[in-house]
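Read the structure below first, then the notes.
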Amino acid sequence: MNTPIWDFLRQYQKAGITRFHMPGHKGIGPLGCEVFDLTEVQGADALYEAEGIIAESEQNASGLFGSRKTVYSAEGSSQCIRAMLYLALTCRPENADPLIVAARNVHKAFVYGAALLDFEVQWLWPEGAHRSVCGCPVSPSTLEETLNALPRPPAAVYITSPDYLGGMADIPALAKICHQYGTILMVDNAHGAYLRFLPSSQHPLDLGADLCCDSAHKTLPVLTGGAYLHLGKNAPNAMDDQLKNAMALFGSTSPSYLIMASLDLCNRYLADGYREKLSETVALLQAVREELRDNGWEVEPTDPLRLTISAAANLSGIQMAGILRAHGMECEYADPESLVLMLTPENTPQELRCLVEILGQNHAPSLPHQALPLAKGPAVRSIRESFFAPHEIVPAESSLGRICGAPTVSCPPAIPIAISGEEIGPAALELFSHYGIASVDVLKET
């Protein structure tokens, strides 16, 4: 597969052109990559008005992912999430309300999008025992009950799959219900770009999603910030012309050509033997899961490239992460209940063998799964109003009864406990304590 962006950058470098243009490093610097770091010079194309090499590269990506259209982001899935929300609202049918029905485990970029676009949110809450803010399983029956209770269709339904712990939603069933009720399904697939290339695709687009974002940099060999926004084949036709405008609304006018070049080169990587390498890695990781279970560890069911290990009674997920760190290994995420590792074909069998040996045998019982409370604080102000009101930071233990301002949460996992405009109740305080959140952004009292 051709790589038009990368080829242009190489040709520009070899031509020895005197750079009387941005960036200021002029292709020279201590990193060594500056020579390929360009701006929108003649021939380089422009991301949000792509007609040349970027458009050609995005068409390559669209073919690989089977989308109606795929566009690049140099600012991660956060930009794509906001663009998806904009598209859902501006391209909704006349009989649809400016409302998004969303599973509660949204990334905080969703909340920022709500503040900027000023739409209402109907939350879908976890069913059964709530074990982590990272997960929010939504059954088809619950979604149908929610949509059936609304007076008019929402602009969209929004879910995160895979979630941060690797939980996978029943996208085919959820998509079918969305379409029956005259709305679309949007999926934050930030952790699952690779799902398209499994022997049987598990990518949201192939399962019925209408809009989908992938963080390429999370599971593919792409520089941090590289992401895709995919338009499904059955998405509203009005979205085609608005796709680039939606991205431009939330993106820098100076997107990184280094990131775009890595997305461009990734197309060739995906087309040239990636499926076979991915299949081998998935099989190897499954064998590791089984060996860890034999060694006494509780390994959670997850998406194929994630390893989520439940804490033992005498060893929290945070402590497990510390053990790995002492042996030169860094996990993706750890909390009191879980240790999460993300793998790709770039991880070697030797690394996995070392991981199993370091964890060794677990002779303690698994930590009993604690049912966490749901922070269902009443929404007393809109998300937008709360974002633009005066704020202050207070100790978490002093926030009871206050109104949440901006979501106070680290990344990872960047999943808010309290949402802007909600009154902070006892359940939220318990979750703040559980996750070690010491301070909270709240509205100033008048």
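We count residues from 1, following the sequence as given.
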Going by the side-chain hydrogen bond (donor to acceptor under 3.5 Å, both in side chains) test, name the single residue among T3, D264, N2 that passes it with N60.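 Result for side-chain hydrogen bond (donor to acceptor under 3.5 Å, both in side chains) with N60: N2.
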
- Dump the intermediate steps for side chain to side chain donor-acceptor pair (under 3.5 Å) on H107 and D188, then the final yes or no. CA-CA 9 Å; H107 189 278; D188 174 357; over 6 Å; no

Is the shortest distance from a Lys or Arg side-chain nitrogen in E422 or R104 to a carboxylate oxygen in the other one below 4.0 Å?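 Between R104 and E422 there is a salt bridge, with a charged N closer than 4.0 Å to a carboxylate O.
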
- Salt bridge or not for R275 and E280, using N-O below 4.0 Å? no

So which atom in [X] and which in [Y] form the shortest heavy-atom distance, rounded to 0.1 Å?
X: T281; Y: P345; answer: OG1-CA, 3.2 Å
X: I53; Y: G43; answer: CD1-O, 3.7 Å
X: I5; Y: M260; answer: CD1-O, 3.9 Å
X: Q13; Y: F36; answer: CB-CE2, 4.1 Å
X: P416; Y: A414; answer: CD-O, 3.7 Å
X: I184; Y: A88; answer: CD1-CB, 4.2 Å

Check the side chains of [Y] and [X] for a donor-acceptor pair under 3.5 angstrom, ignoring hydrogens and angles.
X: D303; Y: H191; value: no
X: S62; Y: S67; value: yes
X: E300; Y: S338; value: no

Pairs in or reaching into [range]: which pass ring pair (Phe, Tyr, Trp, His ring centres under 6.0 Å), with residues at least two apart or in two chains?
range: residues 247-273; answer: Y269-Y274
range: residues 325-356; answer: Y164-Y333
range: residues 344-364; answer: none
range: residues 69-91; answer: none

Has [X] got a side-chain atom pairing as donor or acceptor with [Y]'s backbone, closer than 3.5 angstrom?
X: S78; Y: A109; value: no
X: H179; Y: A175; value: yes
X: D45; Y: I54; value: yes
X: S161; Y: A169; value: yes
X: S73; Y: S77; value: no
X: T142; Y: V138; value: no
X: Q122; Y: I100; value: no
X: S215; Y: H217; value: no
X: R92; Y: L89; value: yes
X: N362; Y: G296; value: yes

Working for side-chain contact (heavy atoms from CB on, under 4.5 Å), residues V187 and T160 = CA-CA 6 Å; V187 180; T160 301; over 6 Å; no

By ring-ring contact (aromatic ring centres under 6.0 Å, His included), W297 pairs with (sequence neighbours left out) none

Working for salt bridge (charged side-chain N to carboxylate O under 4.0 Å, His left out), residues E58 and K244: CA-CA 12 Å; E58 289 177 331; K244 283 290 185 178; 2.8 Å; yes

Do N347 and E351 pass the side chain to side chain donor-acceptor pair (under 3.5 Å) test, and can you show the C-alpha distance, the side-chain angles, and the key distance before you say yes or no? CA-CA 7 Å; N347 289 109; E351 289 173 340; 3.1 Å; yes

Item to check | Side chain to side chain, I318 and P336, heavy atoms closer than 4.5 Å | outcome: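 Result yes, sub-4.5 Å side-chain heavy-atom pair found.
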
- Looking at side-chain heavy atoms only, is the closest gap between D170 and P140 below 4.5 Å? yes

Under the rule for side-chain contact (heavy atoms from CB on, under 4.5 Å), what residues qualify as partners of [X], not counting sequence neighbours?
X: L429; value: S399, L400, I424, F432
X: P349; value: L284
X: A235; value: R68, D210, L231, M239

Mark yes when over 12 heavy atoms from residues, nucleotides or ligands other than [X] sit less than 6.0 Å from its [atom1]; otherwise mark no.
X: K277; atom1: NZ; result: yes
X: E120; atom1: CD; result: no
X: M22; atom1: CE; result: no
X: D272; atom1: CG; result: no

Before giving the answer on side-chain contact (heavy atoms from CB on, under 4.5 Å), spell out for L195 and L305 the whole-Å C-alpha distance, their side-chain angles and the decisive distance to 0.1 Å.
CA-CA 9 Å; L195 293 171; L305 282 186; over 6 Å; no

Side-chain donor/acceptor pairs under 3.5 Å, residues 223-230, sequence neighbours excluded:
unit_1	atom_1	unit_2	atom_2	d
H230	ND1	T70	OG1	2.8
H230	NE2	D214	OD2	2.8

### Task
Mind running side-chain contact (heavy atoms from CB on, under 4.5 Å) on L307 and L292 for me, showing each step along the way?
CA-CA 10 Å; L307 181 60; L292 289 170; 3.9 Å; yes

Could you check whether the rings of W123 and F110 sit parallel, tilted or perpendicular, using 30° and 60° as the cut-offs?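 Taking F110 first and then W123, their aromatic rings sit tilted (interplane angle of 30° to 60°).
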
Tell me, please, which residues at least two apart from [X] pass salt bridge (charged side-chain N to carboxylate O under 4.0 Å, His left out).
X: E298; result: none
X: R353; result: E291
X: R10; result: none

So CD of E357 and CG of N295: to nearest 0.5 Å the spacing works out to 10.5 Å

- Task: Could you check L343 against R306 for side-chain contact (heavy atoms from CB on, under 4.5 Å), going step by step and ending with a plain yes or no?
- Result: CA-CA 6 Å; L343 292 93; R306 190 157 347 212; over 6 Å; no

